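Everything below concerns the one structure shown next.
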Amino acid sequence: MDDQYHPEKIEAQAQEWWREHATFRALDDPTREKFYCLCMFPYPSGKLHMGHVRNYTIGDVISRFQRMRGRNVLQPMGWDAFGLPAENAAMQNGVPPARWTRDNIAYMRSQLQALGFALDWDRELATCDPDYYRWNQWLFLRMREKGIAYKKTGVVNWDPVDQTVLANEQVIDGRGWRTGALVERREIPMYYLNITRYADQLTDALDGLDEWPERVRVMQQNWIGRSEGVAIRFPYDGGAVGVFTTRADTLLGATWVAVAPEHPLAIRAAQADPTVAAFIEECGRGGNTEAEIATQEKRGVPTNLTVEHPLTGEALPVWVANYVLMAYGEGAVMAVPAHDQRDLEFARKYDLPIKIVVRARDVAPVELTALSEAFVTKDGVLCNSGKYDGLGFTDAVASIAADLAARGLGELKVQYRLRDWGISRQRYWGCPIPIIHCDSCGEVPVPDEQLPVRLPENLVPDGHGNPLSRCADFVNVDCPACGAAARRETDTMDTFVDSSWYFLRFASAGNDDAMVDARVDYWLPVDQYIGGIEHAILHLLYSRFWVRVMRDLGFLGFDEPFRRLLTQGMVLNHVYSRREGEGRVEYFNPADVHGTGNGATLRADGRPVTWEGMGTMSKSKNNGVDPNRMVDEYGADTARLFMLFTSPPELSLEWSDAGIDGATRFLRRLWRQVADHVAAGPAPAVNAQVLSDPQRVLRRHTHETIAKVTDDVGRRYTFNTAIAAVMELINHVSRFEDSSEQGQAVVREALESVVLMLAPMVPHICHAMWRALGHAGTVADAAWPAVDDAALVRDTLQLVIQVNGKLRGDVEVAKDADKATIERLALADPAVAKHLEGKQVARVIVVPGRLVNIVTGNR
RNA sequence: GCCUGGGUGGCGAAAUUGGUAGACGCAACGGACUUAAAAUCCGUUGGCCGCGAGGCCGUGCCGGUUCGAUUCCGGCCCCAGGCACCA
């Protein structure tokens with residue numbers, strides 16, 4: 001064993017050993033207990049960044065730990081390879097997205113391999129491979145047969161200059177990112193997946209996901225947004241406006257009805273009234289996201305239309321309002337200004353009537369003039385509501401709903417915030433939707449035997465529309481039904497489709513005859529899924545939905561894809577940009593910027609850049625930090641150790657490499673200790689019966705550390721505290737001087753335990769040290785160390801003494817001392833006695849094993 | 001705007017079930033070794049007061065519950081993630 005630590009040498013050797021022995025190839029062996037550990041696969045954006053290193057290091061620690069615990073571990077890797085950045089890169093460099101993507105995959109694969117992750121590369125997949133996406137197409141057709149996939153219109157961002165559909169990310173302040181043109185909302189036909197059919201299941205099953213973070217379950221629950229209320233229809237000549245409300249008790253306080261700009265009544269009103277038409281057109285410009293709609297100024301215009309109040313028959317005016325979403329419910333709301341803050345503000349702004357119909361119990365109704373805030377509580381009683389006066393919320397809703405039902409104008413209803421999943425994208429670099437449009441047969445599915453519909457890989461997008469629609473070889477096709485000339489669908493699928501089931505395919509790798517096979521029954525569900533918190537809702541919800549659909553189609557025998565979930569915190573870095581005219585933004589990597597924060601300048605031209613604060617490392621914000629420099633300078637083990645040690649996995653992390661020296665210093669120190677110990681010759685086995693006190697103390701530290709690290713790595717996933725505990729143990733070992741046989745024996749036990757405990761985190765150095773300590777094979781195959789409970793025994797405990805909650809002393813007591821003894825010892829402590837002078841002891845609180853608190857006072 | 005997290009020394013953090021705030025590191029400072037540097041080793045290190053013993057203050061801000069609050073409750077501020085076409 002070298003007495004110096006040379007990471008580049010031992011890392012190459014360890015990786016070579018694992019490759020030669022195919023150590024991490026997962027065998028489908030149903031006789032063994034399996035563990036499927038999966039990290040969210042990366043988008044091949046070019047280079048790894050620190051967020052990837054963090055994610056895959058965490059997954060690797062868990063995989064290697066479970067392996068040492070005896071599980072048959074599968075840890076695969078793949079590429080989320082379709083998507084927008086490849087098209088942007090193509091426009092910039094004139095390279096087809098396919099080539100750019102595959103080059104990136106090759107480079108990033110080599111980066112992952114250099115980090116020594118225990119991956120089964122035999123099962124690698126990329127979603128842009130026809131062997132993969134053919135099954136997207138195949139399942140889409142099965143969903144279409146069941147009505148789960150269907151067609152309706154949806155709204156997109158339209159850039160009128162480039163004549164193209166923009167992603168939300170490409171709309172900056174309501175303008176196209178390349179053209180600066182004001183973006184328009186456009187309605188076009190799209191395919192949808194009927195996820196709302198599963199809304200109740202998806203929300204109910206969250207309770208069973210008890211190994212998911214609470215916050216993710218809450219977020220999903222709020223996203224699905226189940227609410228119980230009443231569907232109410234406000235009739236007008238020739239129809240009725242449907243609204244949904246959770247506050248049917250306030251129905252008698254409704255003073256107008258507001259509809260979304262896209263609502264049929266709004267369009268009807270616009271035909272007669274140019275003011276309404278102008279307002280609708282204005283609402284149709286600019287950004288389309290919920291955030292933009294929710295933060296814009298609430299505005300509206302009156303129409304000359306009225307609807308009838310369903311109970312009183314009173315005529316209520318219809319307004320068109322920019323805050324009503326066509327996508328939620330039926331695109332209309334009843335306005336009750338006295339009991340809804342937003343409606344109240346709208347009423348004040350446009351001088352609309354306000355009617356109080358709920359008052360606090362035992363209090364007279366508030367005067368209108370005194371109504372500064374809407375009275376929104378459900379804990380009141382009705383007033384000004386005729387026969388309903390005096391009823392509480394629950395009775396009022398039941399009674400009003402019954403009366404509405406009797407008139408055919410409403411009924412109790414469960415409403416979800418969740419909307420169906422639109423999967424059509426008017427983009428080239430994605431999975432083609434397998435549909436053919438025929439003038440005589442209409443919409444015809446591509447026959448299964450013609451799958452996959454291959455995406456041509458040689459096109460280069462130019463920002464004007466979808467290049468697929470200009471590709472005659474792709475578009476022109478014979479109708480499978482009648483044989484006449486027909487056109488292929490040129491929309492591709494949302495990339496979330498690709499990522500909704502890739503975890504199944506790893507378990508069916510290489511099967512060209514079926515999407516999934518029996519191996520899925522063995523490996524799935526995923527035992528541990530690890531990925532960024534940014535996927536808490538969409539990706540995880542879509543995957544849960546997809547698995548349920550495949551289950552109902554008879555292809556899977558389980559409900560939930562991911563048993564245990566770890567949501568890693570984001571790795572953040574500064575974001576610097578320049579606005580280049582309206583809408584256009586360029587981002588600069590912090591490495592190319594001089595200074596930090598406000599006042600930073602671009603190195604290249606010395607001109608100022610705008611600091612946008614901290615943001616997630618990403619391609620789109622150009623603020624990633626490439627791990628290569630760190631790996632080249634310090635080695636993979638140091639990079640991994642630093643990443644794990646610097647913070648617990650769920651916390652977000654503002655990137656800084658301060659502290660990397662501590663990680664590498666620790667590994668050097670550990671290496672030297674092992675080398676010194678090995679050089680001193682063989683040590684005998686520990687004989688617990690003959691140990692001296694210091695030997696017994698070191699051995700107790702060793703086993704306390706094993707217990708702590710096993711819990712931290714196996715249950716808590718707090719790798720930072722596990723590493724700290726190992727560092728403490730190493731500090732004890734280095735202070736321990738005892739060259740006797742048993743002295744060397746307890747040191748050897750400590751060092752071997754440390755090597756085993758660190759093996760999942762810094763696998764290369766541990767592989768080398770394990771072999772130097774005289775073991776054959778690789779430490780990756782060794783068993784995780786066991787705690788010897790006998791070594792943990794202590795005879796005495798240290799208790800802290802407080803007086804009135806302030807620390808005043810401590811006392812050592814026998815581990816089984818009773819309360820009276822502890823109390824007597826505590827009161828006898830001189831430092832404590834000083835603080836009790838002239839005071840009376842009112843209470844003494846003894847917390848076993850922890851502290852004594854003496855409370856003084858009168859009596 | 002809405003949903004979800006987070007805020008503790010100069011910095012990353014720890015305190016696992018309401019029980020010693022700052023473990024373990026980084027940085028800094030002092031010392032040893034060295035011709036020197038690097039590397040390594042030893043020590044100090046939340047703030048204020050004190051020669052010292054020791055005392056007081058301190059976990060974003062304001063308030064509350066408790067013998068005891070970083071931890072629980074109410075209100076607020078800031079940062080981050082998500083808001084359905086970035087992935």
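Note that the coordinates shown come from a computational prediction; the quantities given were computed from them, not determined experimentally. Naming convention: chains lettered A, B, ... in sequence-line order (proteins, then strands); numbering from 1 in each chain.
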[X] near the nucleic acid: base, sugar-phosphate alone, or nothing, with a heavy-atom cut-off under 4.0 Å?
| X | result |
| --- | --- |
| W223(A) | base |
| E728(A) | sugar-phosphate |
| S424(A) | base |
| V800(A) | base |
| L84(A) | sugar-phosphate |
| K708(A) | base |
| T289(A) | sugar-phosphate |
| R417(A) | base |
| Q798(A) | nothing |
| D711(A) | base |
| H535(A) | base |
| R850(A) | sugar-phosphate |
| K621(A) | nothing |
| N720(A) | sugar-phosphate |

Taking only the [atom1] atom of each, what is the distance from [N] to [M] in whole angstrom?
| N | M | atom1 | result |
| --- | --- | --- | --- |
| rG31(B) | rU45(B) | C1' | 15 Å |
| rU16(B) | rU71(B) | C1' | 11 Å |
| rC57(B) | rG63(B) | P | 15 Å |
| rC78(B) | rA23(B) | C1' | 28 Å |
| rG12(B) | rU35(B) | C1' | 38 Å |
| rG7(B) | rC41(B) | P | 33 Å |
| rA38(B) | rC24(B) | C1' | 26 Å |
| rA21(B) | rU59(B) | C1' | 7 Å |

Margin query: Donor-acceptor pair, distance only, cut-off 3.5 Å: does the side chain of D159(A) make one with the backbone of D162(A)?
Written below: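 Confirmed, D159(A) side chain pairs with D162(A) backbone.
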Check: Would you say K619(A)'s side chain and S45(A)'s backbone share a donor-acceptor pair under 3.5 angstrom?
Finding: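 It does hold such a pair.
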Qualifying residues under salt bridge (charged side-chain N to carboxylate O under 4.0 Å, His left out), relative to [X], sequence neighbours excluded:
| X | value |
| --- | --- |
| D80(A) | none |
| E737(A) | none |
| E262(A) | R185(A) |
| E586(A) | none |

Next item on the list: Please collect all salt bridge (Lys or Arg N to Asp or Glu O under 4.0 Å) contacts where either partner lies in residues 666-676 of chain A, sequence neighbours excluded, each pair once.
Entry: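 Checked against salt bridge (Lys or Arg N to Asp or Glu O under 4.0 Å) - neighbours excluded - no pair reaches residues 666-676 of chain A.
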Return all side-chain donor-acceptor pairs below 3.5 angstrom for residues 218-225 of chain A, not counting sequence neighbours, or 'none' if the list is empty.
from    : atom 1 : to      : atom 2 : distance (Å)
Q220(A) : OE1    : R544(A) : NH1    : 2.9
Q220(A) : NE2    : A536(A) : O      : 3.0
N222(A) : ND2    : V218(A) : O      : 3.4

Margin query: Could you check rG9(B) for me: syn (within 90° of 0) or anti?
Written below: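 Syn, since the glycosidic angle lies within 90° of 0.
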Margin query: Are L799(A) and L851(A) packed together at the side-chain level, in the sense that at least one heavy-atom pair is separated by less than 4.5 angstrom?
Written below: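 Side-chain contact under 4.5 Å: no.
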Item checked: Candidates Y542(A), F496(A), Y132(A) - the one meeting ring-ring contact (aromatic ring centres under 6.0 Å, His included) with W501(A) ->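 Of the listed residues Y542(A), F496(A), Y132(A), the ring-ring contact (aromatic ring centres under 6.0 Å, His included) partner of W501(A) is Y132(A).
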Next item on the list: Using heavy atoms to find the nearest nucleotide of RNA chain B for E654(A) and E214(A) separately, return the residue whose nucleotide is more 5′.
Entry: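 Taking each residue's closest nucleotide, the earlier one in sequence belongs to E214(A).
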Next item on the list: Could you pick out which residue, D80(A) or S656(A), lies toward the 5' side of RNA chain B when each is mapped onto its nearest nucleotide?
Entry: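 Closer to the 5' end of RNA chain B: S656(A).
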Notebook entry, point to check: Using a heavy-atom cut-off of 4.0 Å to chain A, what are the terminal contacting nucleotides of RNA chain B, in 5' to 3' order?
Noted result: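 That gives a stretch of rG1(B) to rA87(B).
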Notebook entry, point to check: Sequence neighbours excluded, which residues qualify as ring-ring contact (aromatic ring centres under 6.0 Å, His included) partners of F666(A)?
Noted result: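 Applying ring-ring contact (aromatic ring centres under 6.0 Å, His included) to F666(A) gives none.
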Check: Which residues satisfy the ring-ring contact (aromatic ring centres under 6.0 Å, His included) test with H732(A), sequence neighbours excluded?
Finding: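 H732(A) satisfies ring-ring contact (aromatic ring centres under 6.0 Å, His included) with H701(A) only.
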Margin query: Quick check on contacts: within residues 638-648 of chain A, what sits under 4.0 Å from RNA chain B by heavy-atom distance?
Written below: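 Only F645(A), T646(A), S647(A), P648(A) qualify.
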Residues 423-431 of chain A side chain polar contacts: donor-acceptor under 3.5 Å, at least two apart:
from    : atom 1 : to      : atom 2 : distance (Å)
S424(A) : OG     : Y191(A) : N      : 2.7
R425(A) : NH1    : G422(A) : O      : 3.2
R425(A) : NH2    : D494(A) : OD2    : 3.1
Q426(A) : NE2    : D491(A) : OD2    : 3.3
Y428(A) : OH     : P456(A) : O      : 2.6
Y428(A) : OH     : L459(A) : N      : 3.4
W429(A) : NE1    : A81(A)  : O      : 2.9
W429(A) : NE1    : T101(A) : OG1    : 3.4

Check: Does RNA chain B take part in any stems of at least 3 consecutive Watson-Crick or G-U pairs (both distances under 3.5 Å), and if so, which ones?
Finding: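 So far as stems of 3 or more pairs are concerned, RNA chain B shows B:1-7 with B:77-83, B:10-12 with B:24-26, B:28-32 with B:40-44, B:46-49 with B:54-57, B:60-64 with B:72-76.
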Check: Quick check, are the ring centers of Y133(A) and F82(A) under 6.0 angstrom apart?
Finding: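 Ring centres of F82(A) and Y133(A) closer than 6.0 Å.
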